[in-house]
Number of protein chains: 2
Amino acid sequence: MTPSVEEISEHLLKHNIKPSYQRIKILEYLVTKRNHPTADEIHKELVKEIPSLSKTTIYNTLKTFIETNLARVITIEENETRYDADISDHGHFKCDECGSIYDFRVNIDILEPDELESFKINEKNVYYSGICKKCISKEEG
Amino acid sequence: MTPSVEEISEHLLKHNIKPSYQRIKILEYLVTKRNHPTADEIHKELVKEIPSLSKTTIYNTLKTFIETNLARVITIEENETRYDADISDHGHFKCDECGSIYDFRVNIDILEPDELESFKINEKNVYYSGICKKCISKEEG
DNA sequence: TTGCATATTTGTAATGATTACATTTGTATT
DNA sequence: AATACAAATGTAATCATTACAAATATGCAA
Ligand SMILES: [Mn+2]
Ligand SMILES: [Mn+2]
Ligand SMILES: [Zn+2]
Ligand SMILES: [Zn+2]
C-alpha cells in the first residue's frame with residue numbers, strides 16, 4: 001500500500017486541492033503510515049526531509065483535508081487530536097500500554113438507537129481502549 | 001432526579017472520597033444537571049455560590065472522580081474535555097447546531113469485532129454527531 | 001520574459017485549557 | 001492549644017492550537 005506521488009496528486013485533485021509539495025508529503029505520510037498521528041508527529045517526521053516545513057502548514061493542511069473529507073479527526077483521548085486518511089466506517093482501539101491505535105471493521109449500523117429516531121446522524125465514532133494483543137503476550141512472557 | 005446532600009455524601013464515601021463542601025457541590029452539579037459539562041462550565045456555575053472556588057479544585061476533584069470511577073471523561077470533540085457522572089454503558093450524540101449532548105442507550109456488546117479477538121477491552125465509547133430533533137423542527141418550523 | 005494577482009507557506013505572537021507547585025486554609029487528634 | 005495531615009487556593013508554567021502578518025511561490029496577461 002504505497003501509492004506513487006502521481007496517485008497522491010490525483011487524490012488531492014479529485015478533492016479540488018492543489019497538490020503542492022507540502023500537501024503531497026502530508027497526505028503521503030497519512031496514507032502510507034496509517035498510524036493515526038498527531039500534527040506534531042507528522043511535523044517531526046517530515047521536517048527531516050523538508051527543513052523549512054512549518055507547523056502552521058501542517059495544521060492548515062490538515063484542516064483543508066478535514067473540510068474536503070480527505071481525512072478525518074480521531075479523538076480517542078483528550079489533548080491529542082489525531083488524523084486518519086481512511087474515511088471509511090471503522091472503529092479504533094487504543095492500547096493503554098504501548099499507545100498504538102488499531103483499526104477494526106465494525107458494522108455500526110446494527111446499533112440503531114431508538115432514542116435518536118428523528119435525529120440526523122452525520123458521523124458515527126466507535127472508540128475502544130484496553131491492552132493490545134502484543135502487549136498481552138509480552139506481559140505473559 | 002435531585003439527590004440530597006446526604007445522598008451525594010454517601011456516594012462519595014462509598015468511593016472512599018472525603019465529602020468536602022467543594023466535592024459535594026461538584027458531584028451534585030454533575031448528577032443533577034447531567035449535561036456533560038467542561039471543567040470551565042462547572043466552575044462558571046459553582047463560583048456564583050462559592051466565590052473562592054478555584055479552577056484547580058475543579059480539575060483536582062474531577063481527576064479524583066475519574067480515578068475512583070465516580071465519573072468518566074467524554075471526548076467527542078477535540079479541545080473540550082467533558083465529564084459524566086453516569087458511568088453506565090451508553091452512547092453520546094452531539095448536535096452540531098446547538099451543541100447539546102444527548103445520552104442514548106446502546107447495546108455495544110453486539111458489535112464484537114473479530115479483529116480484537118485476543119485484545120483486553122477496558123472501555124467502549126460510542127460518539128455520534130449531527131443535528132438533533134429540536135434543531136431539525138426549528139429549521140422546518 | 002516581465003509584472004501583477006492570487007494562493008500557499010512560513011515565523012511569531014496570542015490564546016486557552018490543563019498542570020505543577022508552593023502557600024494557605026480547614027479538619028481531626030492529642 | 002499544638003500538631004499533623006488533607007484539601008483548597010493562587011500563580012506560574014506548559015503545551016497544543018490558532019491568528020495574523022510577512023515572505024515565497026505559482027499562474028497568467030501583457
Ligand atoms: Mn483508522
Ligand atoms: Mn452521558
Ligand atoms: Zn499495546
Ligand atoms: Zn440541536
Side-chain angles (χ1 to χ4, degrees), chain A residues 5 8-9 12-13 15-29 36-68 70-84 99 101, chain B residues 5 8-9 11-13 15-29 36-68 70-84 99:
Chain A
V5 172
I8 298 285
S9 294
L12 285 164
L13 285 168
H15 290 255
N16 296 313
I17 301 171
K18 209 170 285 181
S20 72
Y21 181 52
Q22 288 85 343
R23 287 168 176 170
I24 290 169
K25 283 298 177 185
I26 293 169
L27 183 54
E28 190 182 43
Y29 179 95
H36 311 91
T38 62
D40 192 61
E41 285 169 353
I42 300 170
H43 183 256
K44 273 208 173 65
E45 181 67 25
L46 294 184
V47 80
K48 294 175 188 170
E49 242 191 298
I50 317 164
S52 72
L53 183 65
S54 159
K55 228 175 202 178
T56 304
T57 298
I58 305 283
Y59 281 110
N60 288 341
T61 303
L62 290 170
K63 198 183 175 196
T64 305
F65 287 0
I66 302 301
E67 286 167 353
T68 56
L70 221 140
R72 65 160 159 151
V73 171
I74 306 293
T75 45
I76 303 188
E77 295 210 69
E78 58 270 39
N79 303 338
E80 49 169 54
T81 306
R82 297 179 169 277
Y83 300 87
D84 192 350
I101 292 171
Chain B
V5 172
I8 298 284
S9 293
H11 196 180
L12 285 164
L13 286 167
H15 289 255
N16 295 313
I17 300 170
K18 207 170 287 181
S20 72
Y21 181 51
Q22 288 85 343
R23 287 168 176 170
I24 290 171
K25 283 298 176 185
I26 293 170
L27 183 54
E28 188 183 46
Y29 179 96
H36 311 91
T38 62
D40 193 61
E41 286 169 352
I42 300 171
H43 183 256
K44 272 207 175 64
E45 181 67 24
L46 294 186
V47 82
K48 295 176 190 171
E49 242 192 299
I50 317 165
S52 73
L53 183 64
S54 159
K55 230 176 201 175
T56 303
T57 299
I58 304 284
Y59 281 110
N60 287 342
T61 303
L62 289 170
K63 199 183 175 197
T64 305
F65 287 0
I66 301 300
E67 286 167 354
T68 55
L70 222 140
R72 65 159 160 152
V73 171
I74 306 293
T75 46
I76 303 188
E77 295 208 70
E78 58 269 41
N79 303 338
E80 49 170 54
T81 305
R82 296 180 170 277
Y83 300 87
D84 193 349

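Scope of the values below: all heavy atoms of this structure, side chains included, with no hydrogens, waters or symmetry mates. Chain letters run A, B, ... following the sequence lines, proteins first, then strands; residues in each count from 1.
If you take CD1 of A:I17 and C1' of C:dT8, they are 13 Å apart, rounded to a whole angstrom. Counting to the nearest Å, the P atom of C:dT15 and the CD atom of B:E80 are 21 Å from each other. Rounding to whole angstrom units, NZ of residue A:K55 and P of D:dT18 are separated by 13 Å. Distance, A:R23 CZ to C:dT9 C1': 9 Å, rounded to whole Å. One atom, CD of A:E77, and another, P of C:dT18, lie 14 Å apart when rounded to the nearest Å. If you take CD1 of A:I66 and P of D:dT17, they are 12 Å apart, rounded to a whole angstrom. Taking atom NZ of B:K63 as the reference point, atom C1' of C:dA20 lies 10 Å away to the nearest angstrom. We find that CG of B:L62 is positioned 16 Å from P of D:dA7, with the value rounded to whole Å.
Heavy-atom nearest nucleotides on DNA chain C were determined for A:Y21 and for B:Y83, and the one closer to the 5' end corresponds to A:Y21.
Among the nucleotides D:dT9, D:dA6, C:dT19, the one closest to any side-chain atom of B:Y59 is C:dT19. In this structure, the nucleotide among C:dT10, D:dT17, C:dT8 sitting nearest to the side chain of A:N60 is C:dT10. Side-chain atoms of A:N79 lie closest to C:dT18 of the nucleotides C:dT10, D:dA7, C:dT18. Relative to the side chain of B:Q22, the nucleotides C:dT18, D:dA8, C:dT10 differ in distance, and D:dA8 lies closest.
Tested against B:H43 for a side-chain contact (heavy atoms from CB on, under 4.5 Å), the candidates B:T56, B:L53, B:I50, B:T57 yield a single pass: B:L53.
Ion pairing between A:E28 and A:K25 holds under the 4.0 Å rule for side-chain N and carboxylate O.
Taking the side chain as every heavy atom from C-beta outward, B:D40 and B:K55 approach each other to under 4.5 Å. Two residues are said to be in side-chain contact when any heavy atoms from C-beta on lie closer than 4.5 Å; A:T81 and A:L62 fail this criterion.
At C:dT9, none of the side-chain N or O atoms of A:S54 fall inside 4.0 Å of OP1 or OP2 (strictly under the cut-off). Between B:S20 and D:dA6, a side-chain N or O to OP1/OP2 separation shorter than 4.0 Å is absent. Regarding contacts with the backbone of D:dT11, every side-chain N or O of B:T56 stays at 4.0 angstrom or more from both OP1 and OP2. Using a 4.0 Å cut-off, some side-chain N or O of B:T81 falls inside it from OP1 or OP2 of C:dT18.
Residue-level contact check: B:S52 touches the backbone only, with heavy atoms under 4.0 Å from sugar-phosphate atoms and none from bases.
Formation of a donor-acceptor pair under 3.5 Å by the B:R82 side chain with backbone atoms of B:H36 is found in this model.
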